[in-house]
A.B. asks: 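Have a look at this one.
Values below: all heavy atoms of this structure, side chains included; hydrogens, waters and symmetry mates excluded. The chain is numbered in sequence order, starting from 1. Whatever order the structure lists ligands and atoms in, that order sets their numbers, starting from 1.
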Amino acid sequence: MPSEPVPLAPRALMTWYLEAGVDETIGDAPVDRYAAAARAFAPLEASARPAPAQPAPVMTDRPQASLTPGPLMPEANKALQPAALAGNGKKDGLPPAGDEAVQSAYTLAEAAQSVAALRAALETFDGCALQKTATNLVFTDGSPEGQVVFVGEAPGAEEDRQGVPFVGPSGKLIDRMLESIGLDRTRVLITNTIFWRPPGNRSPTTQEIAICMPFLERLIELVDPKVLVAVGGPAASALLAQPQGITKLRGRWFSYETSRMVRPIPATAMFHPAYLLRSPAQKRDVWRDMLALRRKLDEES
Ligand code: URA
């Protein structure tokens, strides 16, 4: 005889959802997916015609950016913004969208004269929709005088909880990679292309990266490291402005420069530790890249 389903206590149910990866609330009203599925599989009436395909549900009522996807260049970034994002007006009660947000990010970031001031400026900034869903601002870890700035993609769940970049499994691997060439977090600065966790760990959008880029550029200017390292493909696209993917970019050196920097900085890219955790065979390439980083640092000293 089939047993009756045992009702879960609310707390146990929430824990079960969390463990299954459901860690965001994204709507005010519950959606009965069983009813929707039942409707979808119900036999069609003879006269019924299939409804035209609906666009994918949009999870926000903010106007969407019209930026063409593609690599962002540090300086070209500025040129990209106002025209490329034209048409995104501010809606009452919503954060400023598109060009306005980027413009306000540049104004705030450029006025900051220290990493602490830049962080304070970010705390006052309200131009990124991710702030609505994130728990904490995740800006930097390490030293503002770091010899290397590492730029990852986006904070994950653990980073969001602690407000510190790279503290989850990827962060633990980064620590071991640093240790392998005699570095640790007191000698480098670690950050991301965006400073708030995207819901459900989705990839950051081009617009979110564009909105955070003024702060990232200013951070790099203020730290003025000997070397810049993009960690993973999205960070490499955002910083190096190269059309190739990470497999072609890793192991090579580029120049990174903004108009306010006194000299260009050598910049490179390496595989993201999250990828290495899934594909340990690539660790050999990362070991080579870490040795190249060590050599570059020694040359620059
Ligand atoms: N992955 C990233 O790219 N950044 C983090 O801070 C954590 C995981």
A.B. asks: Run the numbers on Glu217 and Thr258 for side chain to side chain donor-acceptor pair (under 3.5 Å), then give the verdict.
C.D. replies: CA-CA 7 Å; Glu217 280 182 23; Thr258 72; 5.5 Å; no
A.B. asks: So, Arg218 and Glu221, do they make that salt bridge, N to O below 4.0 Å?
C.D. replies: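 Glu221 and Arg218: salt-bridged.
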A.B. asks: Is it the case that atom CZ in Arg263 sees more than 12 heavy atoms from other parts of the structure closer than 6.0 Å?
C.D. replies: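 Counting neighbours around CZ of Arg263, more than 12 heavy atoms of other residues, nucleotides or ligands fall under 6.0 Å, so yes.
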A.B. asks: Measure from the ring center of Phe215 to the ring center of Phe125 and say whether it is less than 6.0 Å.
C.D. replies: yes
A.B. asks: Should Val227 and Met261 be counted in the same cluster of Ile, Leu, Val, Met, Phe, Trp and Tyr side chains packed under 4.5 Å apart?
C.D. replies: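 No, because Val227 and Met261 fall into different hydrophobic clusters, even though each may have its own neighbours under 4.5 Å.
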A.B. asks: Report all N/O contacts between ligand 1 and the protein shorter than 3.5 Å as a table of atom names and distances to 0.1 Å; if there are none, say 'none'.
C.D. replies:
| unit_1 | atom_1 | unit_2 | atom_2 | d |
| --- | --- | --- | --- | --- |
| ligand 1 | 1 (N) | His272 | NE2 | 3.3 |
| ligand 1 | 3 (O) | Glu153 | N | 2.8 |
| ligand 1 | 3 (O) | Ala154 | N | 3.3 |
| ligand 1 | 3 (O) | Asn192 | OD1 | 3.4 |
| ligand 1 | 3 (O) | His272 | NE2 | 2.8 |
| ligand 1 | 4 (N) | Ala154 | O | 3.0 |
| ligand 1 | 4 (N) | Asn192 | OD1 | 2.8 |
| ligand 1 | 6 (O) | Phe166 | N | 2.9 |
| ligand 1 | 6 (O) | Asn192 | ND2 | 2.9 |

A.B. asks: Check this for me: does any side-chain nitrogen of one of Arg119 and Glu123 sit under 4.0 Å from a carboxylate oxygen of the other?
C.D. replies: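 Salt bridge flag = yes for Glu123 with Arg119.
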